[in-house]
Protein chains: 2
Amino acid sequence: MNAAAEDEPRPDLAAMIVPLGRALMADEQPVLDAHGLSMWGYVVLSALGETPVRTQAALAAAINADKTRIITVLDDLESRDLLVRRPDPKDRRARLLSLTPEGRRLRDSVRDEIQRREESWLGRLADADRESFLRSLRTLSDAARRSPEP
Amino acid sequence: MNAAAEDEPRPDLAAMIVPLGRALMADEQPVLDAHGLSMWGYVVLSALGETPVRTQAALAAAINADKTRIITVLDDLESRDLLVRRPDPKDRRARLLSLTPEGRRLRDSVRDEIQRREESWLGRLADADRESFLRSLRTLSDAARRSPEP
DNA sequence: TATTGTTATACTCTATAACTATA
DNA sequence: TATAGTTATAGAGTATAACAATA
């Protein structure tokens, strides 16, 4: 039994979640390195897979990134034939973004490796907690996406 | 029911956790601002409260920060009489760190406000999930602290 | 020589503002 | 004029290396 257990306040949520996020990212970095992908590169590939995106600004918004920040990422991915940018015929200012088959393959295999590593993290949880944890995480993550970040 | 639910892979853990951490921090920033505290300042006050720390290096390690990074933070907190640094008589290289009563008071009131805000996040969870979520989060957070970050 | 705290410097990430091309 | 994309610049945050004091 803990000596001062009664006085111990619970740790702040952020104080647990932020370092956990960092540790997860650090754990995934070797996978990305092995495929020559940056974190943002992978995020972009993932976001394009789920929903076809019609403008770079929309893509940036979807992944909570600055629109200027993803440009070099897109340049790199395009130069490696993982995605294509072509002007929208209806509005030639906009760029239609789509994954190439190769981009899709890369995204899938990286995601598989990453999620396999994540499984080993989830393996630390009690079986009864695991599903509940993922459900809660989805709920909070959705709430976070909706919360207005100035 | 979701159209393509069967094909939909679960989002990466990191892709949910990292933005959630950012949103929590953004949500807490106004509280810190109101008390003139930086995020690291608050982290230091919190860490000092829980366990008395005998060296700055130990403190830095405890909060997963670079030892050089907390120095200006300590300077600021000390100048505001929230903590004191005094040379350890047994090893005058080391600085014994302790909160002043004022530092303790500030830490407590900021923590109360922050945790009150966090409660409104947790309020989104199903009652049955809440306890499980916090337990799982503690488990993973502990694991993250142990994981060796190069 | 090794360690604690510190300072100075460099590097990475991110945001802001200005430019182009289309509309 | 307004918007999509782009480029250039500046700022914050972080890490690396070098230093002084003490052991």
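Below, chains carry the letters A, B, ... as their sequence lines are ordered, and counting in each starts from 1.
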Q: Quick one: on DNA chain C, does A:Asp66 or A:Arg95 contact a more 5' nucleotide (nearest heavy atom)?
A: A:Asp66
Q: Rounded off to whole Å, could you give me the CG-to-P distance for the B:Leu97 and C:dT4 pair?
A: 13 Å
Q: For D:dT22, does OP1 or OP2 lie under 4.0 Å from any side-chain N or O of B:Arg92?
A: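 So the side-chain polar atoms of B:Arg92 do come within 4.0 Å of the phosphate oxygens OP1 or OP2 of D:dT22, strictly under.
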Q: May I have the distance from A:Ile70 (atom CD1) to D:dT7 (atom P), rounded to whole angstrom?
A: 13 Å
Q: Backbone N or O of B:Leu140 within a donor-acceptor pair of the B:Arg145 side chain at under 3.5 Å?
A: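 No; zero donor-acceptor contacts below 3.5 Å.
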Q: Under 4.0 Å between a side-chain nitrogen and a carboxylate oxygen: does that hold for A:Arg138 and A:Asp142?
A: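 No.
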Q: Please report the distance, rounded to the nearest Å, between NZ in A:Lys67 and P in C:dA17.
A: 12 Å
Q: Can the positive tip of B:Arg124 be found less than 6.0 Å from the middle of the six-membered ring of B:Trp121, inside 45° of the ring normal?
A: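 Flagged: B:Arg124 positioned over aromatic ring of B:Trp121.
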Q: Please determine, by modelled atom types, if A:Ser132 and B:Asp129 share a side-chain donor-acceptor pair under 3.5 angstrom.
A: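 Yes.
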Q: Side-chain N or O of A:Arg85 less than 4.0 angstrom from OP1 or OP2 on D:dT6?
A: yes
Q: Which comes earlier along DNA chain D counting from the 5' end, the contact point of A:Thr68 or that of A:Ala94, where each point is its nearest nucleotide?
A: A:Ala94
Q: Rounded to whole Å, please give me the gap between CG in A:Asp91 and P in C:dA23.
A: 6 Å
Q: Calculate the interatomic distance between B:Lys90 atom NZ and D:dA21 atom P; express it in whole Å.
A: 25 Å
Q: Please state how far atom CD in A:Gln56 lies from atom C1' in D:dT7, giving the value in whole angstrom units.
A: 13 Å
Q: Within less than 4.0 Å of OP1 or OP2 of C:dT14, is there a side-chain N or O belonging to A:Trp40?
A: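 Yes, because at least one side-chain N or O of A:Trp40 sits under 4.0 Å from OP1 or OP2 of C:dT14.
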Q: Check every atom of C:dG5, C:dA23, D:dA21 against the side chain of A:Arg93 and return the nucleotide holding the closest atom.
A: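 That would be C:dA23.
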Q: Within this structure, what is the CZ-to-P distance between A:Arg54 and D:dG5, rounded to whole angstrom?
A: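 Roughly 11 Å, once rounded to whole Å.
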